[in-house]
There are 2 protein chains.
Amino acid sequence: MYQLLIMTKKDLHRKRPRTEIPEPTLRRLPRYLHFLQGIWEQGQMNISAPAIARELNYDPTQIVKDLSYTGAVGKPRVGYVTYELIRIIEDFLSLNTKSEAILVGAGNLGSALLSYDNLSGFGIKIIAAFDVAPTKVGTQIGNVSVMHVSRLNELVTRLKVEIGILTTPARIAQEAVDIMVDAKIKAIWNFTPTFLQVPDSVVVQNTSMYANVAILLQRLKELKNKQYGQI
Amino acid sequence: MYQLLIMTKKDLHRKRPRTEIPEPTLRRLPRYLHFLQGIWEQGQMNISAPAIARELNYDPTQIVKDLSYTGAVGKPRVGYVTYELIRIIEDFLSLNTKSEAILVGAGNLGSALLSYDNLSGFGIKIIAAFDVAPTKVGTQIGNVSVMHVSRLNELVTRLKVEIGILTTPARIAQEAVDIMVDAKIKAIWNFTPTFLQVPDSVVVQNTSMYANVAILLQRLKELKNKQYGQI
DNA sequence: TTTTATTAAAGAAAAATATCTTTAATAAAA
DNA sequence: TTTTATTAAAGATATTTTTCTTTAATAAAA
């Protein structure tokens, strides 16, 4: 992911100590949050790390470590204050400050995200969509206007949008990214299976349906092998 | 993920050596595949691991290791035969044998997946969808019929469907999963933020939009800190 | 042919991550 | 009050994953 030629990964980590949250932790935090919201609705005022661990089938110390990244501190014999912990995690994940984003590629997946209400539920608000198809341009999908890509730069620059969601066909993904980077987009959520070329000043998060299917099918295969193997 | 009480993870791995493909590998394989399809279309007959590594910014030996899991072997000084490698990876990921799946929850995200043509492009074919809303039941979304959940068990059992896609609201996710498990679904692709309780004989693949947004926003935050921090 | 450069493959080392262990704090019970 | 059980936090260990190193193979060039 890092495009380093001279620096090794070791050097990189020496340069910025403790600033980078481990990705596994970031993947678990939303899960904790959802669980906490559930028990909060049921009126549970406090929760301990071991209790969370039991419910979610995790290691208790892992939960303590993950939570410590957010700055949350618990009390011995009591645990964490449920609503405080929820607020701390939400703040930490920037889920409260709705970041504005634009979307490029209003095809199947793009339209889905545009009309997917829940998207606003996790810190991102799509304020505009872009496409090239005349059938799409000028329409509204889920309260968001679809404009021609030629207007991307002007709008993004003017409104200082930092996040771009990429849902174009893979074929033209890099082209779309170049336009985004040109308009000073700083973070790209990539739903295409393309490996994007971007400068170091831009972060890319890949959400590959392919990868998820691959893992699911593989685990299913392994499960079957295991069962037949046991006899 | 494994619900073991007496066995430790160590024991587990001792029991099935070399059967479990590392998840990072499974995440990278589809990326290699996409890249290979690209160069194949451009008429490139052979490709070496170091060449792939240069293009995708990976470590060359990591690519060799990942590919060796699929059984692919390359020739020194030539590399791999492009089309053979594509076929081997596709076979390995079961992308050629379209597995049949059902979908539960025909809301925003569910409808999106139903009308998302590409889904069939990666080894899964949704043959039926289920919901409870009278406005949904009886309709067709992307050539797939939406039926009432009460018909799930009969249909899944009769057609021996093994894969279930979960796109219900989080609130009723576990309920829906119980129905799926009851109907002998063996693999669940979970798009809800819920932690699902399933028996050991069922595999779950979580695709959490929340987690992806969390990672993206965090990396963006870190990027800004880094830039301001440098001055 | 013989040499040379390039490569896959296998094994070792390093880094990242998860799990286990110990310690200190503290609320609840005696 | 004093004791006890439970807990968070910190540190140590183990595991997993990635990266580095070495070796052997072989196609292309001399």
Applying salt bridge (charged side-chain N to carboxylate O under 4.0 Å, His left out), name anything that partners B:E23, two or more places apart in sequence or on another chain.
B:R27
Measure CD/A:E84 against P/D:dA8 and give the value in whole Å, please.
14 Å
Just the rounded figure in Å: distance from C1' of C:dT17 to CG of A:L26.
14 Å
CA sep, side-chain torsions, deciding dist, call: A:Q62, A:D66, side-chain hydrogen bond (donor to acceptor under 3.5 Å, both in side chains):
CA-CA 6 Å; A:Q62 186 173 65; A:D66 286 344; 5.4 Å; no
If you measure from CG on B:L33 to OH on A:Y210, what distance do you get to the nearest 0.5 Å?
9.0 Å
Detail all sub-3.5 Å separations between protein N/O atoms and N/O atoms belonging to nucleotides 22-30 of chain D.
| unit_1 | atom_1 | unit_2 | atom_2 | d |
| --- | --- | --- | --- | --- |
| D:dA27 | N3 | B:R77 | NE | 3.3 |

Answer yes or no: side-chain N or O of A:K65 and base N or O of C:dT17 forming a donor-acceptor pair under 3.5 Å.
no
Rounded to the nearest 0.5 Å, how far apart are CZ of B:F130 and CE of B:M180?
9.5 Å
Looking across every strand, which nucleic acid part, if any, lies under 4.0 Å from A:P60 by heavy atom: base, sugar-phosphate, or nothing?
nothing
Check the pair A:Q37, A:E90 against side-chain hydrogen bond (donor to acceptor under 3.5 Å, both in side chains), reporting the backbone distance first and the verdict last.
CA-CA 11 Å; A:Q37 285 162 339; A:E90 281 178 347; 3.2 Å; yes
Criterion side-chain contact (heavy atoms from CB on, under 4.5 Å) against A:F191, the qualifying member of A:L103, A:I165, A:L166:
A:I165
B:I63 CD1 to C:dA8 C1', in whole Å, measures 13 Å
Taking five pairs at each end of the helix from C:dT1-D:dA30 to C:dA30-D:dT1, what angle separates the two helix axes (nearest 10°)?
0°
Start with the C-alpha gap between A:N206 and A:S208, add the side-chain angles, then the distance that decides, and say whether side-chain hydrogen bond (donor to acceptor under 3.5 Å, both in side chains) holds.
CA-CA 6 Å; A:N206 296 299; A:S208 167; over 6 Å; no
Which of the following nucleotides, C:dA8, D:dA9, D:dT19, is nearest to the side chain of B:S48?
C:dA8
OP1 or OP2 of D:dA9 under 4.0 Å from side-chain N/O of A:Y80:
yes
Give the rounded distance in Å between these two atoms: CG of B:N57 and C1' of D:dT19.
15 Å
Are there over 12 heavy-atom neighbours, none belonging to A:Q44, within less than 6.0 Å of that residue's CD?
yes
Rounded to the nearest Å, what distance is computed from the CG atom of residue A:N46 to the P atom of nucleotide D:dT6?
17 Å
Atom CG of B:L85 and atom C1' of C:dA8: how far apart are they, to the nearest Å?
13 Å
A:T61 or A:P22, whichever maps to the more 5' nucleotide of DNA chain C:
A:P22
Want to settle it: does B:R54 or A:T25 sit nearer the 5' end of DNA chain C, counting the closest nucleotide to each?
B:R54
Whole-Å distance, B:L29 CG to D:dT17 P, equals 14 Å
Would B:Y58 and B:R28 count as a side-chain hydrogen bond (donor to acceptor under 3.5 Å, both in side chains) if you check the C-alpha gap in whole Å, the side-chain angles of each, and the deciding distance to 0.1 Å?
CA-CA 10 Å; B:Y58 281 136; B:R28 285 187 295 264; 5.6 Å; no
Once you round it to whole Å, what is the distance between P of C:dA16 and CG of B:D59?
14 Å
